[in-house]
Amino acid sequence: VLLGLDESLIEEAKKNELFIKHSTNTNNLEIEWNDEYFTPFDYGYFSFIYDSMKLKQPPHSFKELAERNDLSIIIMDPRYSTPGLGLAKWISQTYKEKSTNFWREIQDQIVITSKSWSDGYGLFLEGESDLVLSYTTSPAYHSLIEGNEQYKSLKFKEGHASQIEVMGILKNASNLNLAKIFLNFSLTENFQKHIPQGNWMYPVIDLRASQKDFYDAAPLPVSMEQIFPTSEEKDSWLESWENSIIE
């Protein structure tokens with residue numbers, strides 16, 4: 001079993017012909033899903049995280065963010081980081097053919113473009129920026145593990161782009177039957193109950209009743225439409241970003 005790809009990598013994964021088709025019961029999922037090669041096991045929404053003790057008047061939209069030249073931002077490089085690519089998708093969903101213009105509007109506010117989420121988030125925690133690209137679930141970790149409620153997620157009026165993490169069965173799997181059993185197990189409560197405070201993402205089945213503390217700390221944001229991009233669409237996202245920094 002290969003675990004950890006997201007929906008932005010599905011097209012390339014299928015082209016490599018490394019995976020077999022399989023069926024899992026996805027009728028009761030919290031997200032829309034219809035794919036014969038991959039099974040989702042968690043999902044999240046991209047957001048910007050801020051320290052509420054330092055930033056008293058956070059922006060509530062991309063438009064307001066671009067107008068706030070007093071705010072510094074850390075993002076991740078979309079060529080190397082899935083959150084970075086997720087931001088490019090988010091901006092593309094919001095601004096479409098005007099994405100390059102928006103990237104240009106926030107370029108002066110981006111103080112660091114890190115290669116990985118962990119590098120960027122660590123620098124934010126060290127005080128290197130006002131905002132950092134992450135997930136709406138990030139404050140839950142600080143609250144439930146550290147007892148620290150000062151870190152908050154920006155809630156944007158435009159809505160938030162999603163990321164869905166998936167697993168698949170490799171063609172050369174030594175035990176296909178066991179792999180299929182595991183994927184079916186991954187959609188049960190016994191597996192999913194470990195997602196919120198294990199992977200710090202949302203479970204793909206409804207566990208609001210049993211995971212109330214988690215959902216209180218990481219309420220679901222306004223969701224944008226799920227997108228399963230083609231290679232051409234991803235190339236256009238990267239092109240918009242690259243055009244904004246090469247002038």
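The figures that follow rest on heavy atoms only: side chains count, while hydrogens, waters and symmetry mates do not. Throughout, residue positions are numbered sequentially from 1 according to the sequence presented. These numbers come from a predicted model, not from an experiment.
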Next on the checklist: Taking Pro196's backbone N and O only, do any of them form a donor-acceptor pair with Gln211's side chain (distance below 3.5 Å, no angle check)?
Outcome noted: no
Next on the checklist: I need the Gln197 CD to Thr137 OG1 distance, nearest 0.5 Å.
Outcome noted: 11.5 Å
Checklist entry - Applying the 4.5 Å side-chain criterion to the ILVMFWY set and letting contacts propagate, would Leu9 and Leu18 be lumped into a single cluster? => result yes
Checklist entry - Okay, side chain of Glu146, backbone of Ser143: is any donor-acceptor separation there less than 3.5 Å? => result no
Checklist entry - If you group Ile, Leu, Val, Met, Phe, Trp and Tyr by side-chain heavy-atom gaps below 4.5 Å, do Met201 and Tyr141 land in one group? => result no
Next on the checklist: Just checking Tyr202 against Phe214, ring centres under 6.0 Å apart?
Outcome noted: yes
Checklist outcome for this item: Smallest heavy-atom separation, Ala179 atom then Val1 atom, equals CB-CG2, 3.8 Å
Checklist entry - Just by distance, do the side chain of Asp206 and the backbone of Arg208 share a donor-acceptor pair under 3.5 Å? => result yes
Next on the checklist: Closer than 3.5 angstrom, by distance alone: can the side chain of Glu36 be matched with the main-chain N or O of Lys21 as a donor-acceptor pair?
Outcome noted: no
Checklist entry - Does atom CD of Glu232 have more than 12 heavy-atom neighbours, drawn from other residues, nucleotides or ligands, at distances under 6.0 Å? => result yes
Item to check | Crowding at CD, Gln107 (>12 non-hydrogen neighbours, <6.0 Å) | outcome: yes
Checklist entry - If we only count heavy atoms from C-beta on, is the Val204 to Ile195 side-chain gap below 4.5 Å? => result no
Next on the checklist: Would you say that Ile169 contacts Phe182 through its side chain, given a criterion of any heavy-atom pair below 4.5 Å between the two side chains?
Outcome noted: no
Checklist entry - Which residue pairs pass the side chain to side chain donor-acceptor pair (under 3.5 Å) test when at least one of the two sits in residues 180-194, sequence neighbours left out? => result none
Next on the checklist: I'd like to know if the side chain of Glu165 pairs up with that of Asn199 as donor and acceptor (distance under 3.5 Å, no hydrogens or angles considered).
Outcome noted: yes
Checklist entry - Any idea which heavy atoms bring Ile75 and Ile73 closest together, and the distance? => result CG2-CG2, 3.8 Å
Item to check | Heavy-atom pair with the smallest gap, counting every atom of Val111 and Ser129 | outcome: CG2-CB, 4.1 Å
Checklist entry - So do the side chains of Ile145 and Trp200 get within less than 4.5 Å of each other, counting heavy atoms only? => result yes
Next on the checklist: Main chain of Trp237, side chain of Asp235: is a donor-acceptor contact present, judged purely on distance under 3.5 Å?
Outcome noted: no
Next on the checklist: Counting the benzene-type ring for Trp, do Tyr80 and Trp117 have ring centres under 6.0 Å apart?
Outcome noted: no
Item to check | For Lys115, all residues meeting side chain to side chain donor-acceptor pair (under 3.5 Å), sequence neighbours excluded | outcome: none
Item to check | Results of side chain to side chain donor-acceptor pair (under 3.5 Å) for Glu67 - residues two or more places apart only | outcome: Lys63
Checklist entry - How many angstroms lie between CD in Glu158 and OG1 in Thr94, if you round to the nearest 0.5 Å? => result 5.5 Å
Checklist entry - Near Asn27 CG, under 6.0 Å, is it more than 12 heavy atoms from other residues, nucleotides or ligands? => result yes
Checklist entry - Does the distance from a Lys or Arg side-chain N to an Asp or Glu carboxylate O, for Glu239 and Lys234, drop under 4.0 Å? => result no
Checklist entry - In Å, rounded to the nearest 0.5 Å, how long is the span from CG of Asp42 to CD1 of Ile31? => result 8.5 Å
Next on the checklist: Go through it in stages, so that I can follow the logic: the residues are Thr39 and Val166, the test is side-chain contact (heavy atoms from CB on, under 4.5 Å), and I'd like the CA-CA distance, side-chain angles, deciding distance and then a yes or no.
Outcome noted: CA-CA 5 Å; Thr39 294; Val166 303; over 6 Å; no
Checklist entry - Considering residues, nucleotides and ligands other than Gln57, do more than 12 of their heavy atoms fall under 6.0 Å from its CD? => result no
Item to check | Joint cluster assignment, Ile205 & Leu183, ILVMFWY side-chain distance < 4.5 Å | outcome: no
Checklist entry - Is there side-chain contact between Leu131 and Ile74, with heavy atoms separated by less than 4.5 Å? => result no
Checklist entry - Rounded to the nearest 0.5 Å, what separation is found between the CD atom of Glu233 and the OG atom of Ser92? => result 7.5 Å
Checklist entry - Could you give the distance from CD1 (Ile245) to CD1 (Ile110), rounded to the nearest 0.5 Å? => result 9.0 Å
Checklist entry - Taking the side chain as C-beta and beyond, is there a heavy-atom pair between Asp108 and Asn69 under 4.5 Å? => result no
Next on the checklist: For Thr136 versus Phe46, what's the shortest heavy-atom pair and its separation?
Outcome noted: CG2-O, 4.4 Å
Next on the checklist: My understanding is that only residues two or more places apart in sequence, or in another chain, count here; which of them pass side-chain contact (heavy atoms from CB on, under 4.5 Å) with Ser162?
Outcome noted: Tyr45, Gln226
Checklist entry - Would Leu55 and Gln150 satisfy side-chain contact (heavy atoms from CB on, under 4.5 Å), going step by step from the backbone distance to the final call? => result CA-CA 10 Å; Leu55 182 58; Gln150 69 192 68; over 6 Å; no
Item to check | Closest contact, heavy atoms only, Ala66 versus Glu105 | outcome: CB-OE1, 3.5 Å
Checklist entry - Can you name the closest pair of heavy atoms from Leu133 and Pro83 and give their distance? => result CD2-O, 3.2 Å
Next on the checklist: For the backbone of Ser153 and the side chain of Lys155, can you confirm whether one donor and one acceptor N or O come within less than 3.5 Å of each other?
Outcome noted: yes
Checklist entry - Passes side-chain contact (heavy atoms from CB on, under 4.5 Å), Phe156 versus His160? Steps please. => result CA-CA 7 Å; Phe156 276 1; His160 293 250; 3.8 Å; yes
Checklist entry - In Å, rounded to the nearest 0.5 Å, how long is the span from CH2 of Trp241 to CG of Asn243? => result 11.0 Å
Checklist entry - Is there a side-chain contact between Leu187 and Thr26, using heavy atoms and a 4.5 Å cut-off? => result yes
Checklist entry - Are Phe62 and Ile227 connected, step by step, through hydrophobic side chains (Ile, Leu, Val, Met, Phe, Trp, Tyr) whose heavy atoms are closer than 4.5 Å? => result no
Checklist entry - Do Ser240 and Ile91 have side chains that get closer than 4.5 Å, going by heavy atoms? => result no
Checklist entry - Run the ring-ring contact (aromatic ring centres under 6.0 Å, His included) check on Phe19 and Phe38 step by step: do they pass? => result CA-CA 9 Å; Phe19 299 89; Phe38 296 98; 4.9 Å; yes
Checklist entry - What's the verdict on side-chain contact (heavy atoms from CB on, under 4.5 Å) for Trp90 and Leu87, showing C-alpha distance, side-chain angles and the deciding distance? => result CA-CA 5 Å; Trp90 190 9; Leu87 176 60; 3.9 Å; yes
Item to check | Under 3.5 Å: donor-acceptor pair, side chain of Gln109, backbone of Asp70 | outcome: no
Checklist entry - Is the shortest heavy-atom distance from the side chain of Ile112 to the side chain of Phe124 under 4.5 Å? => result no
Checklist entry - Is there a donor-acceptor pair closer than 3.5 Å between any side-chain N or O of Ser72 and the backbone N or O of Asp130? => result yes
Checklist entry - Among side-chain atoms of Ser116 and Ser118, is any donor-acceptor pair under 3.5 angstrom? => result yes
Checklist entry - Any sub-3.5 Å donor-acceptor pair from Ser114's side-chain atoms to Asp119's backbone N or O? => result no
Next on the checklist: So does Leu154 get a backbone contact from the side chain of Ser47, meaning a donor-acceptor N/O pair under 3.5 Å?
Outcome noted: yes
Checklist entry - Cluster question for you: counting only ILVMFWY and a side-chain heavy-atom cut-off of under 4.5 Å, with indirect links fine, are Phe41 and Phe185 together? => result yes
Item to check | Lys14 bridged to Asp35 by N-O distance under 4.0 Å | outcome: yes
Next on the checklist: Please enumerate all residues that pass ring pair (Phe, Tyr, Trp, His ring centres under 6.0 Å) together with Tyr95, with sequence neighbours excluded.
Outcome noted: Phe102
Checklist outcome for this item: So the salt bridge (charged side-chain N to carboxylate O under 4.0 Å, His left out) pairs with at least one residue in residues 79-100 (sequence neighbours excluded) are Glu7-Lys89, Asp77-Arg79
